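Notes for the one structure printed next.
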Amino acid sequence: MREITFSQATLEAMSEEMRRDKSIFVMGEDIARQGGIFGQFKGLPQEFGFDRVRDTPISETAIMGAGVGAALAGMRPVVDMHFADFMGVCMDEIFNQMAKIRYMFGGQCRLPVVVRAPDGLTSGGAAQHSQSIESWFMHIPGIKVVIPSNPADAKGLLKAAIRDDNPVIYFENKILYREKGPVPEGEYIVPIGKANVAKEGKDVTIISYSIMMKKAFEAAEILAKDGIDVEVIDLRTIVPYDRETILESVKKTHRLVIVHEAVKQGGVGAEIAAFVAEEAIDYLDAPILRFGAPFTPVPFSPVLENAYRIKIEDIVKGIKEMF
Amino acid sequence: MREITFSQATLEAMSEEMRRDKSIFVMGEDIARQGGIFGQFKGLPQEFGFDRVRDTPISETAIMGAGVGAALAGMRPVVDMHFADFMGVCMDEIFNQMAKIRYMFGGQCRLPVVVRAPDGLTSGGAAQHSQSIESWFMHIPGIKVVIPSNPADAKGLLKAAIRDDNPVIYFENKILYREKGPVPEGEYIVPIGKANVAKEGKDVTIISYSIMMKKAFEAAEILAKDGIDVEVIDLRTIVPYDRETILESVKKTHRLVIVHEAVKQGGVGAEIAAFVAEEAIDYLDAPILRFGAPFTPVPFSPVLENAYRIKIEDIVKGIKEMF
Amino acid sequence: MTEYSKELLTYFYRTMCRIRLFEETVEKHFLNGEIPGFVHLYIGEEAIATGVCANLTKSDYIESTHRGHGHTIAKGADVNRAMAEIFGRKTGFCKGKGGSMHIADFSVGMLGANGVVGGGFNLAVGAALGIKMQERKDVSVVFFGDGASNRGTFHEGANLAAAWNLPVIFVCENNKWASTTPHGSQTSVENISDRAVGYGMPGVIVDGNDVFEVYEATKKAVERARQGGGPTLIEAKTYRIKGHFVGDPELYRTKEEVKEQFEKNDPIKRFEMKVLEEKWMTEKELAAIKEEEEELIKKSVEFAKNSPFPDASEIYEDLYV
Amino acid sequence: MTEYSKELLTYFYRTMCRIRLFEETVEKHFLNGEIPGFVHLYIGEEAIATGVCANLTKSDYIESTHRGHGHTIAKGADVNRAMAEIFGRKTGFCKGKGGSMHIADFSVGMLGANGVVGGGFNLAVGAALGIKMQERKDVSVVFFGDGASNRGTFHEGANLAAAWNLPVIFVCENNKWASTTPHGSQTSVENISDRAVGYGMPGVIVDGNDVFEVYEATKKAVERARQGGGPTLIEAKTYRIKGHFVGDPELYRTKEEVKEQFEKNDPIKRFEMKVLEEKWMTEKELAAIKEEEEELIKKSVEFAKNSPFPDASEIYEDLYV
Ligand SMILES: Cc1ncc(C[n+]2csc(CCOP(=O)(O)OP(=O)(O)O)c2C)c(N)n1
Ligand SMILES: Cc1ncc(C[n+]2csc(CCOP(=O)(O)OP(=O)(O)O)c2C)c(N)n1
Ligand SMILES: [Mg+2]
Ligand SMILES: [Mg+2]
């Protein structure tokens, strides 16, 4: 299969969908003239014009609010948050407007808005340009949340998000943009809500998503040498998360580890662990381990930033101690 | 002991502290002229003047941002959010500024800001005036979060929050305001970070906080009749939460239930459950149960709102099934 | 002096009466304990929604506020379903999920009241963007209070609407109060319309108690917008006659102040005086309209009260498509 | 024509040179791969921070932006510790936790750069509130870009500062670009200073490449603020000479445009020409200052490079008091 970058995969999804449906447009800061700060919009305005690929002012509440309003008027907006870190600026538009409009108005409308949110650590991004805040949205009914880990899923999930008639937040990792992977030719969708058993195994389940899938795979490889057969699940969607796949795996392996780059406390891992401790505790042969960032903002200096990162050794060590 | 309302207890805390320290002031919408929409600021401007008890414009980013700025200039601001539901408006000020300023500037300053946030269901408050969003802040390093369940704690925790040199969010339940309870005379503090074993028991632990403590107690009473001895823990502080008290209790009772009014998915209960599943799974004799709101916004109509509420019967039934 | 068609005059009077009677009725039933939640009444401000919406068609949009009943009615929503929503019934526009603060009727382009002050600005701007991209001739109107004009969302929405030349009408209902704070105490300008300068858009002031003035100013703004001329800011000066919400103890002002304002500026009285003086309508015509509206509102309460509450199981409906 | 003391002239020249050299040095080491993160240079805008801060004392506050080195230096921060911070060293102002985008020196009243555009407005307003409540005579200055003027936080901060009559100076550095978008494409007014009308505060425009003009306008605003006269909005027109950040491919403008602007408007050249023409300073004096600054900046790099990185364990420090 051909290999393209994550960034190119999102571009393909965008242009295929925009060709298909004229009501789709995209807006955000620095996406048109420059093609996006990560190049993830390059060429789009050339094909679709500056009307459908719009640079905006630095006005996140207007960008998000106008996305919602345009959807109410029959459009299918994709809004770009520049950095996921800036979602706090328009949090009210996200959680009090976008998430609630369909429900509180009794289902009078559909709200096909996609929010694209580049997240995660970059080198030296520091406290306000490195965050992973997906877990907040797990607690906000009315939004779906997807978070691809590789180019193929990036394309398929973005297409699914755009076609969904509900608001979908699409978290895309800044480091992953540049990474290549096999992407099928032609039309396909990765369904929202379905996790991917990326590697089957029988001894322990690692659940992860986004860039941490790489560490999950690496840990699995190392552990294989010690005879530990790891099942690796890529969550892909955080809301609604795939309860069946998780339970099935845990019932098989009897051991659960969750890995994400976001802060451990109150992270997505907490919900997954709690879910399993509620639904399948009797199947567990070991504590549920969570790996996530320490409880601090992201520090700038490379030494500190490194210390902030999840370490494969820690995952490996943690898993070994489960046996 | 004398009995006063939760609201009066917060007023006592405010005035005692404002008398003690001239750098303390409070600002927010409709707090001065009217005394707060829940009467929780009544009389304060008369004693301390409209300079130290300030009505503000409807500008949450300015209120929150100016609170942080005033703290940097040496004041000890208390800012009122009117309804916790509006914290999304100034989420950036909360999570990117207030929470990070001390850390990202390498400890150059102290940030004694208290954010008061009235939360929870009221009758008919509907989607945007009924929320409990404390769990977001569990995932944001740099803030402390307290959430009292009764008048005595309301006073002691507010005083502790005001004296703390770190940002503290103080969630206060709108229904609790009117409820009376015994409050000691004179000076006292309820320390941040320490849970309260509100009722000792040996068979099962219920962890709760804020208004749900009432349901926890009621469930405990009902279960006592069936010979089930419930230990009830009032978390009091969510960040940092009291890991020791939780572990101690679970190791004693071997059964854990968490109850909060907030949405169950991704709530505070998820973190507590995950923590216990990581640290004390071997002590558990039953699944960890969580009770929280369904995964929808808060509906308006009384019938729906009622259906949205946590039911004591459900807690009782869930606990009975643990044995 | 412009001449007005009988049809328009009738619309003005009928709509203002309908709103007034609706609100008085809601107040009564709220105080009776039959309506839950928070209710904010539009009494004394009827001329604004009425004068503005007289210029709109069903395919135009409005974004409303926490004080949204008047906007809903003026935009042409069915009063039965409006009343039923406020009573929390299944037959309400939002099937009882919204209530007073979240009333909406998408079928007539009323995109919703909003419990968040200033939450509507950018939704309206986005709806206008949709209109423009679809090459429609419609407009998008956002109602907002003097208090709301201090929200950052006003600024961002106004800038975007102007920079992108979108068909938005910003209608500020300056009723002199933002809840308990008088205009001027927390707002740095006397005239909200002055803020238009900062976005290079026209800013006009009208007497918000005069439905004719509101109508004329909006007409101009709407025509401009439909022709691609971009946004306008209209400030309608009025006064909040009732408490901020039903049940407000109103500790912050005197009864006399309110009484004086209402006597001087009741928009319905002023309309009646004007049309009688100008001999545009007769006492009899006015009385007949009022009676019809009384009947309508009475029926709406019956409709609401006879409607079932939603079933508890419906809590899970309408979240996702 | 005002006369300027030799001390002030020296401060102007020294500060502008220091900033320029600092920035050129940072750029070089960034491109060398020695500095992580995002770095935004202040080259070509030196006259603004310099002219503004010449009016301030240590107990006055400034809030800065993502483009904060110039502000930091102009407010009097030690360049060694500034450079060390940008290099991520333990001896930096933030012990390496902040970096370029979060540089701060509270000891001289520099309350921090900000990675969030428009994040500083209300912090500055709050600091001014603190000043006022403590009955101090200090002022609080917030620097912000043309792009940042479209953030809602500008509106809320400006309104609050004006409504409460706080000692805030809003200094807009209109460098014609907000990252990749030219001024005018996303901002609804030509002059940001026009927005002052909406808050009833004075709005003035100055040539931001002329340190004297910046100085004079700020002087007036600062005096006004110190005397309780409230906030002022100053718009300093300038041009962003470098890419938005170091490494910016600058696909959105031509090299010629930039070159022309720099040749015409380099604030340091303009200062040199003026003081020589007016015979306020000699070539020799200027050269001597520049040389001293070159030495200083060279030393700062040595200081930074010789400083240790923080220890990994320090990650847990400085979170809570
Ligand atoms: C973001 C936000 N802040 C505060 C409130 C609480 N609140 C509801 S209405 C209101 C006053 C609104 O005043 P104005 O905009 O003038 O409208 P009016 O009530 O006068 O029609 C306030 C403060 C809110 N609902 N939303
Ligand atoms: C809230 C927010 N939105 C977007 C960004 C990304 N961003 C960083 S700088 C910048 C442009 C700022 O332009 P301007 O305010 O004119 O300042 P300048 O860079 O020209 O000095 C943008 C969009 C950000 N950091 N914060
Ligand atoms: Mg008002
Ligand atoms: Mg700029």
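Every chain is numbered from 1, with letters handed out A, B, ... down the list of sequences. What you see is a predicted model, and the numbers here were worked out from it, not measured in a lab.
- Between chain C and the options D/Ile192, D/Thr187, D/Leu160, heavy-atom pairs under 4.5 Å are most frequent for D/Thr187.
- Other residues, nucleotides and ligands place no more than 12 heavy atoms under 6.0 Å from the NZ atom of D/Lys242.
- Listed for the D/Asn159 side chain is no donor-acceptor partner under 3.5 Å among the backbone atoms of C/Gly152.
- Aromatic ring pairs are classed by plane angle as parallel below 30°, tilted from 30° to 60° and perpendicular above 60°; the pair C/His155 and D/Phe154 is tilted.
- Looking only at heavy-atom pairs under 4.5 Å with chain C, the residue among D/Met201, D/Glu190, D/Gln186 that has the most is D/Gln186.
- Between chain C and the options D/Ala163, D/Gly184, D/Ser185, heavy-atom pairs under 4.5 Å are most frequent for D/Ala163.
- To the nearest 0.5 Å, atom OH of residue D/Tyr199 and atom CG of residue C/Asp194 are 11.5 Å apart.
- With a 4.5 Å cut-off on non-hydrogen atoms, D/Ser149 touches chain C through its backbone but not through its side chain.
- Counting all heavy atoms, side chain and backbone alike, C/Gly198 lies closest to D/Ser188 at O-OG, 3.9 Å.
- Counting heavy atoms of neighbouring residues, nucleotides and ligands inside a 6.0 Å radius, atom NZ of C/Lys220 does not exceed 12 of them.
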